[in-house]
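To keep things clear, I will list the structure first and then write my remarks on it.
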Number of protein chains: 2
Amino acid sequence: MITKEHSTPESNILNAAKGIFHRKGMAATRMQEIADEAGINKAMLHYYYRSKQLLFEAVFKSAFSTLAPQLNEIINADNSLFDKIRNFTQNYISFIVKHPYLPNFIIQELNRNPEFVEKLFSEKMPNIDKFRKQIENDVKDGLIKPIKAEQLFINILALNVFPFVGAPLIKGFLNLDDDDFLKLMHERKTEVSNFIINAIKI
Amino acid sequence: MITKEHSTPESNILNAAKGIFHRKGMAATRMQEIADEAGINKAMLHYYYRSKQLLFEAVFKSAFSTLAPQLNEIINADNSLFDKIRNFTQNYISFIVKHPYLPNFIIQELNRNPEFVEKLFSEKMPNIDKFRKQIENDVKDGLIKPIKAEQLFINILALNVFPFVGAPLIKGFLNLDDDDFLKLMHERKTEVSNFIINAIKI
DNA sequence: GTCTATAGCCAGATAGAC
DNA sequence: GTCTATCTGGCTATAGAC
């Protein structure tokens with residue numbers, strides 16, 4: 001049975017907080033702005049979430065636990081390498097078009113709080129052995145050119161994630177308005193996987 | 001004749017400010033921290049740079065005017081496409097290893113201040129027509145597979161820039177220490193250009 | 001639970017002695 | 001030009017009425 005999504009004060013606050021924190025980050029966010037966005041009083045934020053720090057942590061955990069499983073797909077899914085690349089590209093870009101500030105937010109806050117990284121990954125350390133084996137086998141079978149699993153993983157991540165993180169830079173350099181940009185991103189759902197597969201296939 | 005680099009109070013302050021601003025961004029940076037880093041008094045910062053905002057702008061302009069010409073190379077250099085890709089990859093990665101926080105800083109602040117983008121690019125709007133023509137000709141000549149200039153530009157940027165922007169995420173997922181990470185980045189000076197060229201060459 | 005008013009702190013900026 | 005001391009504003013957090 002699926003839990004019904006009531007619009008509680010907590011969820012209203014959390015949603016408002018996500019919008020502001022994702023765009024501005026911890027330091028630049030003002031509790032007043034979150035209160036305004038949620039249509040409530042500033043004191044209410046503290047009633048429900050004690051402090052800015054705790055509210056921020058709730059937002060960050062939610063963001064990270066949304067993103068991490070998607071990246072884990074690359075490492076742990078059971079399908080073939082090319083299917084993996086196609087699926088991830090398709091799914092990730094579709095998802096991130098709806099949450100464009102999310103990767104940037106996570107990366108930003110990880111940069112500011114290096115101790116976060118240790119805490120987050122110490123609980124459930126990702127293991128790329130399976131992915132590495134898959135690459136090695138595909139190389140041995142003559143399906144793909146030799147490449148390190150780490151480098152391929154970085155390349156997949158880079159081609160999918162960067163356009164959203166670096167959106168303002170890209171828009172500036174290519175002189176694109178929001179509409180042009182979105183069209184390019186839409187194309188990338190297949191463009192990127194073709195690019196990667198062409199780069200490695202024999 | 002090359003102007004000699006004296007170590008003036010201004011330059012000391014600016015260098016200290018770069019270190020802090022690049023890592024923490026505008027909002028999270030404290031003037032006191034910059035003063036400590038520069039080994040001077042907080043009042044001196046205001047004596048030389050009026051306000052935090054003005055000091056920040058000096059740092060940002062310096063960062064942007066370092067990065068922009070490198071990206072322009074892709075669009076405007078006169079060499080062949082494959083050489084362009086090889087040169088940029090080699091040069092950019094070598095450079096950024098020494099200034100790892102720079103792209104993240106610029107992207108971050110562009111995200112927070114959308115009006116920045118307009119101001120920065122309105123003065124000297126980059127023009128990708130030349131690059132687009134080059135791609136179209138190489139496609140026509142049967143040198144490379146059909147690809148949009150915009151998509152190729154984004155891919156080159158993504159593969160080179162992202163690993164540094166997303167470093168904490170990558171280190172976490174691949175369980176790398178700083179040393180492992182640096183080794184991978186060194187490999188990428190040739191790895192990335194090979195990857196791109198394999199993806200597009202016929 | 002929800003609000004108004006305010007306490008308390010922190011950081012940017014300045015006054016003024018040297 | 002350089003410092004110490006201090007002002008001022010803004011922001012988080014809480015007290016307390018309802």
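Model, not experiment: these values are computed from the prediction. Reminder, nothing fancy here: chain letters follow the sequence lines and each chain counts from 1.
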Counting only side-chain heavy atoms from C-beta out, which of [options] sits nearest to [X]?
X       : options               : answer
A:Ser51 : C:dG12, D:dA13, D:dT4 : D:dA13
A:Arg30 : D:dT12, C:dT14, C:dC3 : D:dT12
B:Lys42 : C:dA13, D:dT12, D:dT2 : C:dA13

Taking the side chain as everything from C-beta on, heavy atoms only, tell me whether [X] gets closer than 4.5 Å to [Y].
X        : Y        : value
B:Tyr48  : B:Leu14  : no
A:Asn198 : B:Asn198 : no
B:Glu150 : B:Ile128 : yes
B:Ile85  : B:Ile200 : yes

* To do: Identify whether any heavy atom of A:Met31 sits under 4.0 Å from a base atom; if not, whether one sits that close to sugar-phosphate; answer base, sugar-phosphate or nothing.
  => sugar-phosphate
So what does B:Tyr48 hit on the nucleic acid, given a heavy-atom distance under 4.0 Å: a base, only sugar-phosphate, or nothing?
sugar-phosphate
To the nearest angstrom, how far is [X] atom [atom1] from [N] atom [atom2]?
X       : N      : atom1 : atom2 : answer
B:Glu33 : C:dG12 : CD    : P     : 10 Å
B:Leu55 : C:dA11 : CG    : C1'   : 15 Å
A:Leu45 : C:dG1  : CG    : C1'   : 14 Å
B:Met44 : D:dA5  : CE    : P     : 16 Å
A:Lys52 : C:dG8  : NZ    : P     : 21 Å
B:His46 : C:dG16 : NE2   : C1'   : 17 Å

Closest to the 5' end of DNA chain D, once A:Tyr47 and B:Asn41 are matched to their nearest nucleotides, is B:Asn41
